Amino acid sequence: MSQDLTARTGQLPSPTRDAAPAGRTLAAALLGFFLITLDASVVNVALPAIGGDLHGGLSALQWVVDGYTLAFAALMLSTGALSDRIGAGRAFTGGVAVFAAASLACGAAPGLGVLISARVVQGVAAAVVLPSSLALVRQAYPDAARRARAISLWAVGGSSAVALGPVAGGALTTAWNWRGIFLVNLPFAVVALLLTSRTGPAERRRAPLDVPGQLTAVLALAALTFAVVEGGGAGWAAAGVAVVASAAFFAIESRHPHPVVPLGLFRNPVVTVSIAAGSALSVGFFGMFFVLGLFFQEVRGQSALTAGLMFLPMTVLISTVNVISGRLSNRYGPRLPMIAGQLLMAAGLLLLLPVGAGTPAALLACAMIPLGLGGALAVPPLTAAAMGAVPADRAGLAAGVLNAGRQVAGALSVALFGSLVADKAHFMTGMRLSLLIAAALVCLTALATAVALRPQRA
């Protein structure tokens, strides 16, 4: 390439001019990833304020969280193929633009119905932004070594958003109101769009889409979540719809030439256990994130800002532990950090069982630290294990299924744990039951990890 350019122009290519567009693309991709991850965590501490302002009960507030998460999880199964079909640059800019418009609708929502609908649109846009942002980084850095460093920096966007989300949500809700947590997305989205305005031509290919499989997956997940959140007669009817839609999904996937979720992927025990472990960790982290956000404000009477700051010791160490986990996985393999991380999260969940309204804030904040560190220690190696267990041409697909599974598990845990703490008179009983359920799931997947990833005899 450089020899051809020299022959035509008589000049060597400028490293600065070549590096600048790649740096802008990386900055845009990181910012996009930051935005969509922030919106998954910034809402939790603002839920009591939203409920008080828009006069909604706990079930409606659960949908404010799950409307985003479910759309994000279900559509992420096929938005990677959509990004390949229309080009990563076009998919990214379209996704960010829709995300910004939906954020504006959330901030201006006159009622919970509009807010939940706009949250669903946000989730759809986020599902497009995630794979296209990573594809943009892949295209901007053709050199493998530079690309690895760029992807590490891209991942910092997600880790930073997890750490900043509760604090930003609490600060904006206290200093302004809950609408600020959505309106603050707009300037960041504009910057991301400006950064991508000068990217190179998009790579495109005819990627197949499994539309029937995608539609039945969305219907099954939405119906199952509705059944858990609402309960009663409507819940049982939704559960029936979920069963029928699930059966249709598996029938379609077993026959479709390009299924959105190839069922053969689950024949590999390492892939299956990695997905199960990632899902259990999401139950422990995101499910308890939701419950604890309510606990701090509804039971302990803390402000939204104080509630957000309570999460800071737990979340601020996540990025550092992610790096340490990667090094441990490279040295010892994924099995040891996966098991250690899951057991650490289980211990953190059990440590929270005795807490109550009178527990000192410093002690409570410290007790939450193992919960976050366990997930940070286990997620990188389980991702590496899943990617290493499939052929290279299926790594992207496995990553999509893994992340979709984690998002779905988080959404269902919010639905289940929310129903357990819905009765304010028995909030602490429901919270402790939620902690026990999450700890049991993580312990089970830790045991499965020890069995599935045990060293093979020569």
Side-chain angles (χ1 to χ4, degrees), residues 37-52 58 61-62 64-65 158-178 180-181 184 281-321 344-377 410 413-414 417-418 420-421 424 427-436 438-439:
T37 307
L38 183 70
D39 255 56
S41 60
V42 73
V43 175
N44 286 286
V45 296
L47 289 176
I50 294 172
L58 184 58
L61 297 180
Q62 287 170 268
V64 172
V65 177
S159 299
S160 302
V162 170
L164 185 61
V167 180
L172 287 167
T173 302
T174 302
W176 188 0
N177 61 36
W178 63 266
I181 65 175
V184 75
L281 291 166
S282 290
V283 169
F285 188 80
F286 293 110
M288 295 316 303
F289 220 102
F290 173 80
V291 173
L292 289 170
L294 296 174
F295 167 69
F296 293 142
Q297 296 177 77
E298 300 291 336
V299 176
R300 293 174 61 88
Q302 294 173 308
S303 68
L305 176 58
T306 305
L309 290 172
M310 291 292 291
F311 288 102
L312 192 58
M314 177 182 74
T315 58
V316 75
L317 298 173
I318 288 177
S319 297
T320 303
V321 177
L344 183 60
M345 176 175 279
L349 291 165
L350 296 176
L351 275 175
L352 292 171
L353 283 174
V355 304
T359 304
L363 179 61
L364 179 53
C366 291
M368 293 163 57
I369 291 176
L371 194 156
L373 295 190
L377 184 61
S413 67
V414 168
F417 296 167
L420 293 176
V421 300
K424 291 185 178 181
F427 185 98
M428 293 306 303
T429 301
M431 176 174 157
R432 293 187 176 107
L433 182 56
S434 301
L435 288 164
L436 289 172

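Owing to the predicted nature of the structure, the values given are computational and were not obtained by experimental measurement.
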State the CZ-CG distance between F427 and L58, to the nearest 0.5 angstrom.
8.5 Å
Roughly how far, to the nearest 0.5 Å, is the CD atom of E298 from the NZ atom of K424?
4.5 Å
Side-chain heavy atoms of T174 within contact of T306, under 4.5 Å:
no
Are L309 and L305 close enough that some pair of their side-chain heavy atoms sits under 4.5 Å apart?
yes
Is there a donor-acceptor pair under 3.5 Å between the side chain of T173 and the backbone N or O of G170?
no
Using every non-hydrogen atom in the two residues, find where D39 and I181 come nearest and quote the distance to one decimal.
OD1-O, 4.4 Å
Which atom names give the shortest non-hydrogen contact between L350 and A439, and what distance separates them?
CD2-CB, 3.9 Å
What's the spacing between L364 CG and L292 CG if we round to 0.5 Å?
7.5 Å
Residues F311, V167; criterion side-chain contact (heavy atoms from CB on, under 4.5 Å); working and verdict:
CA-CA 8 Å; F311 288 102; V167 180; over 6 Å; no
To the nearest 0.5 Å, atom CG of L294 lies from atom CG of N44 at 8.0 Å
Indicate the atoms forming the closest heavy-atom contact of M368 with M310, along with that distance.
CE-O, 3.9 Å
Nearest heavy-atom contact between V299 and A357 is CG1-CB, 4.0 Å
Are any side-chain N or O atoms of R300 and backbone N or O atoms of A307, one a donor and one an acceptor, separated by less than 3.5 Å?
no
For the student: nearest non-hydrogen atoms of V45 and A304, plus distance
O-CB, 3.9 Å
Rounded to the nearest 0.5 Å, how far apart are CE of M314 and CD1 of I369?
9.5 Å
Nearest heavy atoms of Q62 and V414, plus distance in Å
NE2-O, 3.1 Å
Heavy-atom donor-acceptor pair, R432 side chain to V355 backbone, under 3.5 Å:
yes
When you compare the side chain of T315 with that of F289, does any pair of heavy atoms fall below 4.5 Å?
yes
is_close_aromatic(F290, F286), centroid dist under 6.0 Å
no
Within the structure provided, determine whether M288 and S434 are in side-chain contact (heavy-atom separation under 4.5 Å).
yes
So how far is it from M431 CE to L352 CG, rounded to the nearest 0.5 Å?
6.0 Å
Please step through side-chain contact (heavy atoms from CB on, under 4.5 Å) for the pair L47 and V65, ending with a clear verdict.
CA-CA 9 Å; L47 289 176; V65 177; 3.9 Å; yes
